[in-house]
Trainee: 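Sharing a structure below in structure tokens format, with a few things to ask.
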2 protein chains.
Amino acid sequence: MSFNSDGLSHYKKEDIMVTIKQVSALSGVSKSTVSRVIAHNGAVSKKSRKKVDAAILELGYRPNSFARSLKSNKSNIVGIVVVNMGSAFYAEVLGGIQKAFDGSDKHLMVSSGYGDKETEFETISSLIDRQCDGLLLFLESDFSRDEIHKLCNRDIPIVLMGRDGIPYGYNSVQVDNKTGGTVAIMSLIEAGRRKIVHLAGPQNLADARDRLDSFWQAIEQSDINKSHCCVIVGPYTEAFGYQSTKALLAEGVDFDAICAGDDEIAAGVYMALREAGKKIPEDIAVIGYDDNFHARHMYPPLTSVCQPIETLGLQAGKMLVTMMQGEQSANINMVLGATLVERESI
Amino acid sequence: MSFNSDGLSHYKKEDIMVTIKQVSALSGVSKSTVSRVIAHNGAVSKKSRKKVDAAILELGYRPNSFARSLKSNKSNIVGIVVVNMGSAFYAEVLGGIQKAFDGSDKHLMVSSGYGDKETEFETISSLIDRQCDGLLLFLESDFSRDEIHKLCNRDIPIVLMGRDGIPYGYNSVQVDNKTGGTVAIMSLIEAGRRKIVHLAGPQNLADARDRLDSFWQAIEQSDINKSHCCVIVGPYTEAFGYQSTKALLAEGVDFDAICAGDDEIAAGVYMALREAGKKIPEDIAVIGYDDNFHARHMYPPLTSVCQPIETLGLQAGKMLVTMMQGEQSANINMVLGATLVERESI
DNA sequence: CTGAAAGCGCTAACAG
DNA sequence: CTGTTAGCGCTTTCAG
């Protein structure tokens, strides 16, 4: 062991990695006995145990997880892929997931797939390479069962999470987008609005497509004149909400309600409406989607559709725990309902 | 290999784990040569390489990361501990961190310490057990240098992140809380407010303490009569903001500005003020902290102090990358300034 | 350029 | 109850 100039001990790997062998030597028993002690299995005499414990303490021994995993083929790692762990939405998902694993000895290895199929593919493979004991996937791309299966050449438990209604043939937890979308439009219709604009999210995203579907479906099942309604497609951003609303106003389009693809879009709508001197909901009713934190703090508070995001993560996590524990029973597809949170924008 | 009833192949571990040995057998070269091919080191004849590549492809071979790590003592895992990855704040931190590692072969192992010293300790240890190549820590507790050092019996690069001003003696990236707090109060004072209430965050948190310090300091350096100002301490929640403001109003306390500990508290303040018919900022000026997404969507838009959260994560990540690459040069303590985002609540 | 052999740290029969 | 032994899958000398 060498010491550097400031007197702090400066370790090199070889110096410090204390192994079972050293514990064995110091305690005067065999490696096997040490192993039995640390694994709490097999029978060990009190005397031996005591000696081993003392040696472990003295040396500060901690078992090497790689060696263990190499033998056992178990990593105690749960691999997680979300679209982007840096966003508030997926943070909530992760919050739910971690609740499911709190107190367990599993570690969470989290990656972002960025909604890019290649990246998602790459990420999943390397997670599998790491011998994850289970996988929790919130992907944007529509992976087919075969594709995932090909990736996954081991028999790893997988739970898919998602906002879309696609049954992957895997165990999954989803939030019900279709119904959520319907509920949103219906609340507008019930409030007597008849000229509704839908500011839809990007159509490469399944959830945005679903909501658009429900939009037209609800319109058709109502007494509304379809030609009085229209759809504009754009990104899930405040800017899109702002600009499209401004454009609508400038073009003199006649409408009495806006159904925003999400709360960010709705925030932009508010801005444009306020600038134009339009009153919410008197002149124009607005509804959002997601029930983000800011929805209730907008003025007037925004009516929105609440998705049980954290619950989604929690349930998916629990499902995976069950699968990892024992036999993978039935193929479960859990669907969580979205709920309307009525505030003052309608 | 057995097949189950639905015709899908049902793998067992033994069936599927393809090892270097099998590649060696199929390609007709030794394990060593295969190893050289996959590691791209050592000299291999074109012919051998070709055979090996073909075999790898055919078998779908992927090297076992544990066996590799066991040999190399390198995990390619970066361990991360934040207070709570389920919250929007830390999601942003993580977003920054992942940017720093995008495109590298490092994996991120993320855990939450929940601001609980024991949990944090536990989490860090198990991350170290996993032979992480580096550690990124955003802790709430005041770990001493010695404590972390004791934990870390290997010479692992560590970067500390934080909102407080404590120099840990480790490399770190922090946001400047003191100045941020001062900027907040100053803007109130400059706007002519003289009877200011500070709704401070929980005092077991260093950042809340720092901001409280700056509050009194700024007051003292101004011409304000200290006795016209007061402080209420509570959690970083909307409820706290709401209730304390209501209480203030009910008790008939005379004040013309509220400096909220964060934007959540400010949101509660808004509600109470609106209910009481008070106008913002005419009657009462309000300032928040964090510049959360909802700040600009409140009515009127909330003036707040913006912390470069994502940058914090990014810089910390970059710093760690540097440390992991080569010699750990100087001890760097990076401080990121907070900025005032002026809107209409003052 | 290639193969044989040793060993990373740990676990799990198998004899004692 | 305990020690010996044989690997887990990979890398890396060291001879050839």
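Being a predicted model, the structure only gives us computed values, none of them experimental. Each chain gets a letter, A, B and so on, in the order its sequence line appears, and its residues count up from 1.
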Trainee: Could you state the interatomic distance from CD1 (A:I20) to OG (A:S24), rounded to the nearest 0.5 Å?
Mentor: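 Interatomic distance, A:I20 CD1 to A:S24 OG, rounded to 0.5 Å: 8.0 Å.
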Trainee: Among the candidates C:dC10, D:dT2, D:dG3, find the nucleotide nearest to the side-chain atoms of A:V44.
Mentor: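 Ranking C:dC10, D:dT2, D:dG3 by closest atom to the A:V44 side chain puts D:dT2 first.
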Trainee: Just to confirm, is there a sub-4.0 Å distance from OP1 or OP2 of D:dG9 to any side-chain nitrogen or oxygen of B:R68?
Mentor: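 It does not, given that no N or O in the side chain of B:R68 lies less than 4.0 Å from OP1 or OP2 of D:dG9.
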Trainee: Quickly work out the B:K31 NZ to C:dG7 C1' distance and round it to whole Å.
Mentor: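 B:K31 atom NZ is separated from C:dG7 atom C1' by 11 Å.
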Trainee: Could you pick out which residue, B:R49 or A:S65, lies toward the 5' side of DNA chain C when each is mapped onto its nearest nucleotide?
Mentor: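 With B:R49 and A:S65 compared, the 5'-side residue is B:R49.
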Trainee: D:dC10 C1' sits how many Å from A:F66 CZ, rounded?
Mentor: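 Result: 13 Å.
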Trainee: Send over the distance from B:I56 CD1 to D:dC10 P, rounded to a whole Å.
Mentor: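 About 10 Å, once rounded to whole Å.
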Trainee: Once you round it to whole Å, what is the distance between C1' of D:dT11 and CG of B:L70?
Mentor: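 Going from CG in B:L70 over to C1' in D:dT11 covers 10 Å.
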Trainee: Rounded to whole angstroms, how far apart are NZ on A:K74 and P on C:dG9?
Mentor: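 Rounded to whole Å, this separation is 23 Å.
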Trainee: Check step by step if side-chain contact (heavy atoms from CB on, under 4.5 Å) holds for B:M324 and B:K106.
Mentor: CA-CA 11 Å; B:M324 292 190 312; B:K106 300 284 178 235; 3.7 Å; yes
Trainee: Measuring from atom OG1 of B:T119 to atom CD of B:E122, what distance do you get when rounded to the nearest 0.5 angstrom?
Mentor: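 It comes to 8.0 Å.
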Trainee: With a 4.0 Å cut-off on N to O distance, would you call A:E310 and A:K99 a salt bridge?
Mentor: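 Salt bridge present between A:E310 and A:K99.
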Trainee: Looking only at side-chain atoms of A:R36, point me to the closest of D:dC10, C:dC14, D:dT13.
Mentor: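 The answer is C:dC14.
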Trainee: Mind calculating the distance between NZ (A:K71) and P (D:dC8) to the nearest angstrom?
Mentor: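 Result: 8 Å.
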Trainee: For A:F138, which of A:V81, A:N84, A:V93 qualifies under side chain to side chain contact (heavy atoms under 4.5 Å, CB included)?
Mentor: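 The single option meeting the side chain to side chain contact (heavy atoms under 4.5 Å, CB included) with A:F138 is A:V93.
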Trainee: Kindly say if A:S72 contacts the phosphate of C:dC10, meaning a side-chain N or O under 4.0 Å from OP1 or OP2.
Mentor: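 It does not, given that no N or O in the side chain of A:S72 lies less than 4.0 Å from OP1 or OP2 of C:dC10.
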Trainee: Can you tell me whether the side chain of A:S32 and the base of D:dT4 have a donor-acceptor pair closer than 3.5 Å?
Mentor: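 Such a pair exists between side chain and base.
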Trainee: Between B:S48 and C:dC1, is there a contact of a side-chain N or O with OP1 or OP2 at under 4.0 Å?
Mentor: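 No, outside the criterion.
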Trainee: Would you say A:S30 places a side-chain N or O within less than 4.0 Å of OP1 or OP2 belonging to D:dG3?
Mentor: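 Yes, such a contact exists.
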Trainee: To the nearest Å, how far apart are B:N73 CG and C:dG9 C1'?
Mentor: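 Between C1' of C:dG9 and CG of B:N73: 10 Å.
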Trainee: From the options D:dG3, C:dC10, D:dT12, select the nucleotide whose nearest atom is closest to the side chain of B:S35.
Mentor: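 Minimum distance to the B:S35 side chain belongs to D:dT12.
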Trainee: When you measure from the side chain of A:S45, which nucleotide among D:dC10, C:dT11, D:dT2 comes out closest?
Mentor: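 The answer is D:dT2.
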Trainee: Just how far, in rounded Å, is P of D:dC8 from CG of B:N64?
Mentor: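 It works out to 12 Å between those atoms.
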